[in-house]
Amino acid sequence: MSIKSNEEDGNQTEPITFILLDFNNEDLQVLFSVLFLPIYLVTMAGNILIILLVVNNQHLHTPMYFFLGNLSCLETCYSSAIMPRMLVSFLTGDRTISVHGCFLYFFGFLAATECYFLAVMSYDRYLATCRPLHYVMLMDGRICIMLIAGSWISGSLGISIIIFLVSQLRFCGPNKINHFFCDLTPVIRLSCDKTDLVEMTAFIISSIGTLPPLLITISSYVGIIKNIIRIPSTTGKQKAFSTCSSHLTVVACFYGSLMIVYVLPNMSSLSDLKKLFSLFYTLLTPLVNPIIYSLRNKEVKDAAKKTFKTLTALASQYECLQKQVINVIN
Ligand SMILES: *[C@@H]1O[C@H](CO)[C@@H](O)[C@H](O)[C@H]1NC(C)=O
């Protein structure tokens, strides 16, 4: 936001706040407040649980679980950038948001990092199923760290560029955002500067963020499916297919919604559709990913059980100690 523009333009005043026009519908408003809070809490609980399990269990220190842990970390971050502010405005009915507060929402662009993680994870699974003999060599610790760091860096770079460009724009009047959070396109539309450069950059960043990982993901799953077809036993086949199809469903929902929101042209006739689909990647994916990828997985379940047992053991020891202390005092 360039502060100096106030003086330059004389009588033009910059809006200090934006107003979010979410649904223009009271019933939906109530429904969404009731739905979003539990969704957010479950999302946080699921993802944080996975991070804790991965970090604290030695036998989950493998590339696959590092990717999962980092994915959960990422989802915790960007849901927390978007959801709490959205919930507050739903619950209090306060639709105003400061222009700088709005920028926080661009962290939704971390979704690009998620695309890379999903691609890396599908490639990892591809190597594990189709090249099991070379897997350990192909996915060693160094490569694993490079892939993870690369995903984080490219996502953060994208956000920094977007935030920088948008912060150079002047907003000099219209301040009604037709969305329930400050998504990039509706915000850009309010600027009174030429926005071609920002729109072009955003388009390029979102295309680079989604298309190459999508291609990697699709080709990895094609390889995995080919391999599954060769499994001789029917039960083995079914099991492998069920895991694979649940992953594919999540991946398809995620990419589909991202592309509808960011890659489709910026037409007002599409804005309601985009509003709805932005819920998919902000709300739905972070909620279902931990369930689909980890909590259905035997190793993670075992780790969770073990941790839970340790905790209950600690609790009973603590109770025991408490009793002893009470006895001593009495
Ligand atoms: C993320 O990946 C790094 C590098 O492999 C790993 O050391 C770290 O434990 C991972 N983080 C989580 C939360 O799993």
Side-chain angles (χ1 to χ4, degrees), residues 40-84 107-129 131-132 134-160 209 212-213 216-217 220 243 246-247 250-251 254 281-311:
Y40 178 61
L41 293 178
V42 173
T43 303
M44 284 318 227
N47 283 302
I48 290 174
L49 177 69
I50 286 169
I51 296 173
L52 291 178
L53 287 180
V54 170
V55 171
N56 290 319
N57 279 280
Q58 207 61 43
H59 70 275
L60 296 186
H61 286 183
T62 62
M64 179 174 136
Y65 290 107
F66 279 151
F67 296 139
L68 271 176
N70 278 272
L71 184 73
S72 288
C73 208
L74 176 77
E75 285 174 340
T76 323
C77 288
Y78 80 71
S79 312
S80 299
I82 293 177
M83 292 290 286
F107 280 87
F109 259 74
L110 275 178
T113 306
E114 174 145 355
C115 291
Y116 281 103
F117 274 141
L118 292 179
V120 166
M121 283 161 63
S122 61
Y123 179 63
D124 173 69
R125 286 304 83 205
Y126 166 76
L127 289 183
T129 39
R131 302 265 146 75
H134 303 120
Y135 177 71
V136 179
M137 202 184 66
L138 291 171
M139 195 53 92
D140 69 357
R142 213 171 49 101
I143 292 180
C144 180
I145 289 176
M146 264 166 50
L147 289 172
I148 288 176
S151 307
W152 279 109
I153 292 171
S154 50
S156 324
L157 204 66
I159 298 170
S160 318
I216 296 174
T217 312
S220 305
T243 319
S246 55
H247 286 195
V250 176
V251 167
F254 182 67
Y281 74 90
T282 48
L283 229 87
L284 215 56
T285 351
L287 174 72
V288 296
N289 264 356
I291 302 167
I292 298 275
Y293 279 106
S294 327
L295 301 178
R296 286 185 48 178
N297 174 315
K298 190 168 173 301
E299 275 169 322
V300 176
K301 268 189 210 153
D302 288 347
K305 269 183 211 147
K306 219 179 73 192
T307 312
F308 187 69
K309 265 190 202 137
T310 323
L311 283 180

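In what follows, every heavy atom counts, from backbone to side chain, and hydrogens, waters and symmetry copies are set aside. Counting starts at 1 for both ligands and their atoms, following the listed order.
For ligand 1, the atoms lying closer than 4.0 Å to a non-hydrogen atom of I145 are 4 (C), 5 (O). Atoms of ligand 1 lying under 4.0 Å from any heavy atom of I51, numbered from 1 in the order shown and given with element: 13 (C). Near V54, meaning under 4.0 Å from any of its heavy atoms, are these atoms of ligand 1: 14 (O).
Of the protein's non-hydrogen atoms, N70 ND2, 1.6 Å is the one closest to atom 1 (C) of ligand 1. Among protein heavy atoms, atom 14 (O) of ligand 1 sits closest to G69 CA, 3.3 Å. For atom 9 (O) of ligand 1, the nearest non-hydrogen atom of the protein is F66 CE2, 3.5 Å.
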ask   = Which is it for M121 and L68 under the side chain to side chain contact (heavy atoms under 4.5 Å, CB included) test, yes or no, and what are the steps along the way?
value = CA-CA 8 Å; M121 283 161 63; L68 271 176; 3.6 Å; yes
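A donor-acceptor pair under 3.5 Å is absent between the side-chain atoms of H134 and the main chain of A128, judged by distance alone.
For the pair F66 and I145, the minimum side-chain heavy-atom distance is 4.5 Å or more. Side chains of D302 and K306 form no contact here, defined as non-hydrogen atoms less than 4.5 Å apart. When side chains are defined from C-beta on, E114 counts as touching N289, because their heavy atoms get closer than 4.5 Å.
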